[in-house]
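If you're wondering where the values come from, they're calculated on a predicted model, not measured in any experiment. Protein chains get the first letters and strands the later ones, always in sequence-line order, with residue 1 at the start of each.
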There are 2 protein chains.
Amino acid sequence: MKLTPLKKFENYLVENEGRLTSQKKAIVQEVFNIDDHFEVENFIDMLRAEDKKFSRATVYRTIKQLLEAGLIQKISALNGKVFYERKMTNKEHDHVICNSCGEIYEINDNSIQKILDNYCKDIGFRPEYRSLHIYGLCKACFKR
Amino acid sequence: MKLTPLKKFENYLVENEGRLTSQKKAIVQEVFNIDDHFEVENFIDMLRAEDKKFSRATVYRTIKQLLEAGLIQKISALNGKVFYERKMTNKEHDHVICNSCGEIYEINDNSIQKILDNYCKDIGFRPEYRSLHIYGLCKACFKR
DNA sequence: TTCTATGCAAAAGCTTTGCAAATCA
DNA sequence: TGATTTGCAAAGCTTTTGCATAGAA
C-alpha cells in the first residue's frame, strides 16, 4: 500500500499539529507534478500562471514543511542557486558531466554506495542525500 | 618546482589584467593559513582581528577572483551556508556535511577514486574534477 | 471557539554594484 | 599617465518574521 504525497503530508501535519489548508494542498500537488528540480521563485511563477496566487511567505513556509516532512529535498548548486525536488527514496544522484558538450551520464555502480555507507557508519553519520559529480571530457569531445 | 599560492595568483592576475594589491596579498595569505573551510563573514572577522580591516566588498571580490583562479573552492551546505576552502590539487574533495550544524568531514578513501577511475575508463570519459558530497546528520545532531 | 495559517510589508542575511578617490603598472 | 582596485553606501536577492485577519478543526 502506497500513500500519495498529499496523504503523507496530511499525516505529517496531523502528527505535528499542523493544518491542511487549500494553499498547502495546491502547493503539494504542484510540487509533485514537477519531474525535475525547481527554484522557489520559478515555482511561484508556475503557481501564478495557474492563478494560484499565494503569498511568497506561504510558499516558503509550505516548502519548509515539506522538507521537514521528508517529501522533498534541497539541492544547493555551487553558483549559489537553491533547488528543490521531490524525494526519490531509491535514487541517488551520481552524474558524469562533460565540460565541453554538457552531456550528462548517470553512474550505476553500487560498490560506490557500499563504500560510502561504510564510511558513514564508521563516523556515525546518518546520510540523507548524496551528490557525486565528475566533470571532464567525454569520449567524443576528448578526440577533438 | 612548486609555486606558492601567492605566486599562482599573481600569474593568474597577470594573465587576466588584474593587479596584485596589498589587500589581495593579505587575503591570499590568510586563506592559505586556514586549514579548514571557512565562511566569508568569519573570514572577515579573522582579518579584522589582525587589523586587516578591508571592506567587505574587497574580500568578496578577492574571493571571487581566487575562485576563478582555481585556488579555492566553494562548498554549499543544504542549510544555505556557504563555505570556501583552499583547493588541494592532488586531492579530491569528498565531503560529508551535516544539515543541522553544518559541520564538514573529509572522506579519505582512495577506493572511491579507483572505482570512479574505472568507471570513467569504461565509458571513455576523461575526468578533470570531481565533487562528492554526502548530506545528512552527524552523530551529535542525530542524537537530538 | 481556539489555535494555526495566511497575506502583507518590513526586516534580515548575504552578496553585488555604482561611484569617487586611491593605487598599481 | 591610464587602468584597475578600494571603500563606502546603497541596492539586490532570497528567505524569514511580526502582526492583524482569515480559516481549519
Side-chain angles (χ1 to χ4, degrees), chain A residues 6-7 9-31 37-48 51-69 72-84, chain B residues 6-7 9-31 37-48 51-69 72-84 99 102:
Chain A
L6 189 58
K7 191 65 193 160
F9 192 42
E10 204 176 338
N11 290 345
Y12 169 83
L13 290 173
V14 169
E15 283 169 23
N16 293 274
E17 295 156 332
R19 289 169 189 181
L20 185 57
T21 62
S22 60
Q23 288 92 330
K24 288 184 188 171
K25 268 188 209 167
I27 289 170
V28 172
Q29 284 173 346
E30 188 77 27
V31 164
H37 48 78
F38 59 90
E39 288 173 278
V40 177
E41 289 303 314
N42 291 342
F43 181 70
I44 290 171
D45 290 342
M46 291 165 77
L47 286 170
R48 297 250 151 106
D51 262 330
K52 293 164 182 166
K53 298 180 184 174
F54 313 138
S55 76
R56 232 165 270 283
T58 297
V59 175
Y60 276 101
R61 284 190 274 232
T62 303
I63 285 180
K64 201 172 199 175
Q65 285 193 311
L66 284 170
L67 210 54
E68 287 160 4
I72 61 174
Q73 65 185 13
K74 188 175 177 179
I75 303 171
S76 299
L78 290 190
N79 58 11
K81 290 199 171 182
V82 174
F83 301 91
Y84 294 89
Chain B
L6 190 56
K7 191 65 194 161
F9 192 41
E10 207 177 335
N11 290 345
Y12 169 83
L13 290 173
V14 168
E15 282 170 22
N16 294 274
E17 296 157 332
R19 287 167 191 186
L20 186 58
T21 63
S22 61
Q23 288 93 330
K24 288 183 188 172
K25 267 188 210 169
I27 289 171
V28 172
Q29 284 173 347
E30 188 76 27
V31 164
H37 49 81
F38 59 89
E39 287 173 278
V40 177
E41 289 302 314
N42 291 342
F43 182 70
I44 290 172
D45 290 342
M46 291 166 77
L47 286 169
R48 297 249 152 106
D51 263 331
K52 293 165 183 167
K53 298 180 184 175
F54 312 139
S55 75
R56 231 164 270 283
T58 297
V59 176
Y60 276 101
R61 284 190 274 231
T62 303
I63 284 180
K64 199 173 200 175
Q65 285 194 311
L66 285 170
L67 210 53
E68 287 161 1
I72 62 175
Q73 69 182 19
K74 188 175 178 179
I75 303 170
S76 300
L78 290 191
N79 58 11
K81 288 197 174 182
V82 174
F83 302 91
Y84 293 89
N99 285 332

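- Sorted by first and then second residue, the salt bridge (charged side-chain N to carboxylate O under 4.0 Å, His left out) pairs involving residues 16-26 of chain B (not counting sequence neighbours) form an empty list.
- The distance from atom CD1 of A/Ile63 to atom P of C/dT6 is 13 Å, rounded to the nearest whole Å.
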Q. Just by protein heavy atoms under 4.0 Å, how would nucleotides 18-25 of chain C read 5' to 3' in B, S and -?
A. B-----BS

Q: In sequence, state the C-alpha distance, the side-chain angles, and the governing distance for B/Val40 and B/Val82, and then conclude on side-chain contact (heavy atoms from CB on, under 4.5 Å).
A: CA-CA 8 Å; B/Val40 177; B/Val82 174; over 6 Å; no

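- Direction of the helix axis in the helix from C/dT1-D/dA25 to C/dA25-D/dT1 shifts by 40° between the two five-pair termini, rounded to 10°.
- With sequence neighbours excluded, the residues satisfying side chain to side chain donor-acceptor pair (under 3.5 Å) with A/Asn42 are A/Glu39.
- Taking the side chain as every heavy atom from C-beta outward, A/Gln65 and A/Leu13 approach each other to under 4.5 Å.
- Spacing between atom NZ of B/Lys81 and atom C1' of C/dG13 amounts to 12 Å, rounded to whole angstrom units.
- In this structure, B/Ile44 places its CD1 atom 10 Å from P of C/dC14, rounding to the nearest Å.
- A/Lys64 has no side-chain polar atom (N or O) that falls below the 4.0 Å cut-off from OP1 or OP2 of D/dT15.
- In this structure, A/Arg56 places its CZ atom 18 Å from C1' of D/dG18, rounding to the nearest Å.
- Considering CE of B/Met46 and CD of B/Glu30, their distance stands at 5.0 Å, rounded to 0.5 Å.
- Here C/dA5 presents its P atom at 13 Å from CG of A/Leu66, a figure rounded to the nearest Å.
- A/Arg48 meets the side chain to side chain contact (heavy atoms under 4.5 Å, CB included) test with A/Ile44, A/Lys53, A/Arg56; sequence neighbours excluded.
- In this structure, B/Gln65 atom CD and D/dT4 atom P are separated by 12 Å, rounded to whole Å.
- Applying the side chain to side chain contact (heavy atoms under 4.5 Å, CB included) criterion to A/Gln29, with sequence neighbours excluded, gives A/Leu6.
- What separates CG of B/Asp45 from C1' of C/dG13 is a distance of 14 Å, to the nearest Å.
- Using a 4.5 Å heavy-atom cutoff, the side chains of B/Val31 and B/Phe43 are in contact.
- Here the CZ atom belonging to B/Phe38 is positioned 5.0 Å from the CD1 atom belonging to B/Ile63, to the nearest 0.5 angstrom.
- As a whole-Å value, the separation of B/Glu39 CD from C/dG13 P is 13 Å.
- Phosphate contact (OP1/OP2 of D/dT16, side-chain N/O of A/Tyr60, threshold under 4.0 Å): absent.
- With C/dG7, C/dA5, D/dT15 as the candidates, the nucleotide lying closest to the side chain of A/Phe54 is C/dG7.
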